[in-house]
Every structure is written in C-alpha cells, then in structure tokens.
Amino acid sequence: MDEIDEIYEAVLDGDMRATPEYVQAALDAGVSASAILQEGMIAAMNEVGRLFEEDEYFVPEMLIAARAMKAGLSILRPFLVDAGIEPVGKVVLGTVQGDMHDIGKNLVGMMLEGAGFEIVDLGTDVAPAQFVEAVRNGVDILGLSALLTTTLSSMESTIKAIEEAGLRGAVKLMVGGAPVTDGYARKIGADGYAPDASQAATLAISLIA
Amino acid sequence: MQSGRTRTAEMPPWPPIRQSAWCRGGVVPADAARPRVLILACGALARELGVIIDRNGLAGFDVECLPARLHSRPEQIPGAVDRHLRRVVGRYERIFVAYADCGTGGRLDEVLARYGVERLTGAHCYQFYAGTDRFQALHEEEPGTLYLTDYVVRHFDRLIWRGLGLDRHPELLEDYFGNYRRVVYLAQTENPALTAQAEAAADRLGLILEHRYVGYGELEPALVDITAPAETRVATA
C-alpha cells in the first residue's frame, strides 16, 4: 500500500491518530501536497459521502472520518499554501438565530472542506446581521442550517436581510436541515437545498461552477 | 375492558388481529361492528395512548402503530404513513394520524392533505406534551435544551447513546452535545425509576437535568375528541 492509499484508508476508517502521521510520512517521502489532498483526503471523503448515501455509513462514521480528515489537513495546510493551491471556493456556514443545533452544519462544513472549500463557521444561533456582515466581507456561498421547525422563519429573515443589504447577487445561498424541503428553499429564495452533508458538497460545487 | 382489535403496521392489513405490546389501542366491544375510526399512531406513543384510552374509557375505534424507530428517522415518516394510508383508506369513515410534524418539514402534511386526514397539532411530541406555550417558553429560556419524554428516557440507550454511535465513539459526545446546556425531562408519569434513569442519562451527557411533570398535555384531549361521536365532537386535535 502506498502513502496515498494509507491516507485514504485512514480517513475512511476515521483514524484520527494515523491520518496526520500518514500525511506527514507522505510529505517526507516527497508526495506532493496536491496529490495528498486530491487523491488521498478528498477521494476518501467522496467515498464517505457515497457510503452515507447508500446507508453503509451513518452520522457517527461520517463524523469520525471528517475528524480524521481535519487532523490530516492541519498537517497539510501549510504545504498547500506554500504550493499555491487555492481553495475551490469560500463558504460561510451557520445555524440560524434561535437554533443551537450544529451537527448537520458541522458535517456539511467537514464535507465541504473535504471537497476543497475554505470554511468559515459562524457557529450556532447566528443573527441575520452576522450573516450579512460575513457576506459583505466576501464569500462565494452562504450555507444556512436549521433543525427546528420553529426556527425556519429565521432562515427566511436571514435571506431577507441579505436582500435588503443589497448583497443577494453577491453570494449563492444554500440551505439545509431536517425540516427544510426543496420547496421551502425555493419559496424563501435560496439557490439550492441539500438533504444531507454529502449532497451539500455536490450542491456547493455546482453552485460555483 | 374488552380485548380488541390491535395491529401493528408490519402485520397484514386485514383481517389478522393480534395483541401487541407496541400498540395496544384497538378498543372494540366484542359484539360491535367494525370500527369506523382509525388512529394511526407513532409507535413511540403506543404506551401513552393505551393509558389515555384506559383511563377515559374510550372505545369503538382501531389503533395501528407505525414502528417506533421512525421517531429517530423523521425523513421516513411521510413515506411510511403514505404506504399505510393507501392500504386502509376506504375502510374507515375517519382516520386520524397521531403524529405531529415530527421533523418532516411539512412533508407529512402534504401526504395527509392527499387523503384528507388530520394529525396532532404542533411540531413534535415535546410540544404537544408540554403544551405549545409552555414549550415555547422553555425554548426561549434556553435554546440549548435536550428534551426527554418517558419514551425517550426508557429507550435512551438505544435511541441516543447507541443511536448516535456514542457507545463506539464516545469522543463524539462534544460534537453532538457541546452546545447543549441542560436536559429537560417532560415527564408523562410521576415515576421515580424513570426520573432516576433521566438523571443518569443527563449525567452521561454531562448536562444538568430539569424535571417537569407535564402529563399527556394536548395528546389526551385530542384523543378524547377524535374518538367521540361526531355530534359531540368539539374540535379536532
């Protein structure tokens, strides 16, 4: 098994201890940061997404895989910068005001990071004004998350706040969370909806294509 | 009380009649004609429905329960309800679905609208047990609240601990519950054993427990009303 395969398998297994070690070993062996990222880590996260969609992986497996990937990225990131490898886009994520749930949002962030995006996570219970400010600072995609039916209205008010700030054309908006539907996403003026973290990565790539 | 018709959704639609620990509703006097009302319920409510039926002496309807595991898979609820309604529609004058929105984001309502069937009001069982106003106040008081009911307490290990993979990956505890500040146990019964289980559950999550006895909340009057003769019915759910 070569260095890339070891990284791929370690991420797939959610091995948070081995992944950074394998990344370091690959770098020491002269493997390019780009190859480690693309063929090792992103490929592994794509496979994690596929397994999730086929009900072979569930949320815990996805979470530990993502944690392993993040551990590997912490070693790799300076080498990516040195090599001039740019993120494919910048995504700001947050759970809307009144809602403290963040597992889905965190998973989306990890899957997007695994797909090569730069992630800015605003956390939970994020007010519309905070989202507006983030968009004002420059971002390709804004991702809004809500788990509670009762906080869906905050999703809509956030999009309205972005429109009222004159920033709607400056950003793509994607939404998700258990009570969110494709119809609701269209109704509130989002550009896209993804039912799970894996499909969120696919959606994000399509939104910036 | 006479033993009645009781089925679970996994059983053949009609006529097999069996007793089931999951869904003990189906309350029909032995000499009665076939019931004209069906209550299609969440399996996680089966025990509570049984208590409400018994203590109010409700009779003359069937109760069928969908698997309780759907409580943790809300995306599967609309499809499961749709499949079941397709099988039973036309057999009853009235069908009532004992689910709230339950995290389906209106998808359940889209199914019910096709059949002209009503459901419990509210977003989820926590809301109809606590009462809408009380639940809203609890949420505003502390958005980072994990809610438990008798059912969730009884099945905490399966639903939450093992369901979230914490038995295999305890390191994920912070990922799942890092934003929570408290556990509120919305108790249906005053049961010291369950309260102790709730305390143990909160302890495992590293959170404080608040015990609030709420009883059956809006579920009981809704059930009483839906099973009342049409001429005496006051409101639906």
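Naming convention: chains lettered A, B, ... in sequence-line order (proteins, then strands); numbering from 1 in each chain. Worth saying up front: this structure is predicted, and the values here are computed from it rather than measured.
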- Message: Tell me the closest heavy-atom pair linking B:P143 and A:G98, and the distance in Å.
- Response: CB-O, 3.9 Å

- Message: Please classify the contact between A:T124 and chain B as side chain, backbone, both or neither, with a heavy-atom cut-off of under 4.5 Å.
- Response: side chain

- Interface moiety of A:V180 toward chain B, non-hydrogen atoms closer than 4.5 Å: backbone

- Item | Option passing side-chain contact (heavy atoms from CB on, under 4.5 Å) with A:P60 (candidates B:L166, B:L172, B:D167) |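 Between A:P60 and the candidates, side-chain contact (heavy atoms from CB on, under 4.5 Å) is satisfied uniquely by B:L172.
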
With respect to chain B, which residue among [options] yields the maximal number of heavy-atom pairs within a distance under 4.5 Å?
options                        : answer
A:G123, A:P195, A:P179         : A:P179
A:D125, A:T149, A:I103         : A:I103
A:L152, A:L147, A:T150, A:D102 : A:D102

- Message: Can you tell me which portion of B:D101 sits under 4.5 Å from chain A's heavy atoms? Options are side chain, backbone, both or neither.
- Response: side chain

- Evaluate whether atom CG of A:D55 has more than 12 neighbouring non-hydrogen atoms of other residues, nucleotides or ligands under 6.0 angstrom away. yes

- Task: Take atom NZ of A:K172 as the centre, draw a 6.0 Å sphere, and report whether it contains more than 12 heavy atoms from other residues, nucleotides or ligands.
- Result: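 Result for NZ/A:K172: open.
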
- Item | Close side-chain approach of A:L148 and B:H139, heavy atoms under 4.5 Å | yes

- Message: A side-chain contact here means heavy atoms from C-beta on lying under 4.5 Å apart; do A:M16 and B:E171 qualify?
- Response: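 Counting from C-beta outward, A:M16 and B:E171 never come under 4.5 Å.
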
- Evaluation steps, side-chain contact (heavy atoms from CB on, under 4.5 Å), between A:I64 and B:R168: CA-CA 11 Å; A:I64 61 160; B:R168 290 169 287 132; over 6 Å; no

- Query: When rounded to the nearest 0.5 angstrom, what distance separates NE2 in A:H101 from OH in B:Y180?
  - Reply: 3.0 Å

